[in-house]
2 protein chains.
Amino acid sequence: MKSTNSDACEAWKLLLKFFFTQRAGFPSLAAEFELSPAQCHVLHLIEPGRPLAMGHLAETLSCDASNVTGLVDRLESRGLIRRQASSEDRRQKVLELTPAGVRLRATVAERLSNPPETLKRLSETEQKMLVKILRHVLQNKAETTK
Amino acid sequence: MKSTNSDACEAWKLLLKFFFTQRAGFPSLAAEFELSPAQCHVLHLIEPGRPLAMGHLAETLSCDASNVTGLVDRLESRGLIRRQASSEDRRQKVLELTPAGVRLRATVAERLSNPPETLKRLSETEQKMLVKILRHVLQNKAETTK
DNA sequence: TATTGTTATACTCTATAACTATA
DNA sequence: TATAGTTATAGAGTATAACAATA
């Protein structure tokens with residue numbers, strides 16, 4: 001009964017194609033703010049008022065901890081984030097946005113929020129349907145395969 | 001009349017979220033084949049039997065030509081692609097997959113074709129609808145804004 | 001002993017600028 | 001003079017291994 005997945009495969013193929021199309025513009029978008037794509041991603045992952053442990057960041061980025069040290073060094077030296085010793089576990093360091101970091105994060109989010117033309121051109125019905133389906137996709141994450 | 005775009009904005013926001021979720025797994029997927037993400041992308045962009053000029057590759061990747069030289073060096077030294085002098089314009093070099101390159105490209109594509117669980121769990125109706133909408137999105141690309 | 005983050009090292013990715021060969 | 005690709009160089013991203021401080 002393996003042919004059940006054929007539509008999921010096709011959807012995935014199209015999503016990948018769309019990803020790669022969109023991806024090309026990301027480095028130059030980040031560069032508008034003198035950020036690298038990776039730095040831009042980190043800035044987005046640290047939410048205002050929600051300190052994030054460095055180890056947790058490494059996990060989310062699926063990269064080595066030593067890599068996070070460098071990323072954080074550069075963002076910290078630009079005054080966008082701050083390392084703070086954790087009170088519970090003194091081995092840990094948590095990351096916080098500085099006021100400048102909060103502002104830049106919001107500016108980038110604003111710049112990034114404008115959808116590509118090709119999405120805007122969908123009919124209203126399609127747009128609503130797409131939103132509904134994508135919500136399902138993102139909700140499905142935590143559930144078990146059963 | 002600016003609120004017309006609100007659904008497109010929401011869809012775009014969800015798509016971005018999905019991108020970033022999926023993106024984390026890409027480097028390790030490429031690493032299964034001892035490829036970097038960028039090398040993997042290049043391998044995908046060169047289609048079997050369809051020589052591609054280096055300049056065109058740089059354009060598609062939105063990166064500098066000097067960067068392509070290095071990428072191609074590494075893939076060529078692994079015997080996956082080949083530089084060939086263009087017959088029309090002797091300044092140009094076109095890229096071709098070697099037989100090993102064709103095989104690896106197919107293996108990677110096969111590995112990449114398996115959709116994430118969260119997509120497979122959509123209902124059949126939603127899957128079909130998603131395919132239809134994404135086809136529209138990708139078709140819209142070339143049209144003018146009017 | 002195990003874990004968190006850092007340092008040292010090495011390789012890849014990326015851009016800029018200067019260069020070579022062709023057009 | 002302009003274009004396609006290369007080289008030299010430098011900074012950023014990435015992983016591995018060895019290390020310090022803390023648990």
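Protein chains get the first letters and strands the later ones, always in sequence-line order, with residue 1 at the start of each. Atoms considered below: every heavy atom in the structure, side chains included; atoms not considered: hydrogens, waters and symmetry mates.
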Check the distance between [N]'s [atom2] and [X]'s [atom1] and give it to me in whole angstrom.
| X | N | atom1 | atom2 | result |
| --- | --- | --- | --- | --- |
| B:Arg83 | D:dA4 | CZ | P | 16 Å |
| A:Leu43 | D:dG13 | CG | C1' | 17 Å |
| A:Asp89 | C:dT3 | CG | C1' | 8 Å |
| B:Leu57 | D:dT6 | CG | P | 11 Å |
| B:Lys93 | D:dT3 | NZ | P | 19 Å |
| A:Asp73 | D:dG13 | CG | P | 11 Å |
| B:Met54 | D:dA4 | CE | C1' | 9 Å |
| B:Glu34 | C:dT12 | CD | P | 12 Å |

Salt bridge (charged side-chain N to carboxylate O under 4.0 Å, His left out) assessment of B:Glu10 paired with A:Arg135: CA-CA 10 Å; B:Glu10 181 64 14; A:Arg135 288 214 176 107; 3.0 Å; yes
Mutual orientation of the aromatic rings belonging to B:Phe20 and A:Phe26 [parallel < 30°, tilted 30-60°, perpendicular > 60°]: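 Because their plane-to-plane angle is over 60°, the rings of B:Phe20 and A:Phe26 count as perpendicular.
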Residue pair B:Glu96 / B:Ile81, side-chain heavy-atom distance below 4.5 Å: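 Answer no - side chains too far apart.
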Close side-chain approach of A:Arg105 and A:Pro48, heavy atoms under 4.5 Å: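 A:Arg105 vs A:Pro48: side chains touch.
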Short N-O contact, A:Asp73 and A:Arg83, less than 4.0 angstrom: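 Answer for the salt bridge query: yes.
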Salt-bridge criterion met for B:Glu76 and B:Arg82 (N-O under 4.0 Å):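 No salt bridge links B:Glu76 with B:Arg82.
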Among D:dA4, D:dA23, D:dT6, the nucleotide that comes nearest once only the side chain of B:Gln92 is considered: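 Within the option list, the nearest is D:dA4.
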Heavy-atom protein contacts under 4.0 Å, nucleotides 13-21 of chain C, coded B base, S sugar-phosphate only, - none: SBBB----B
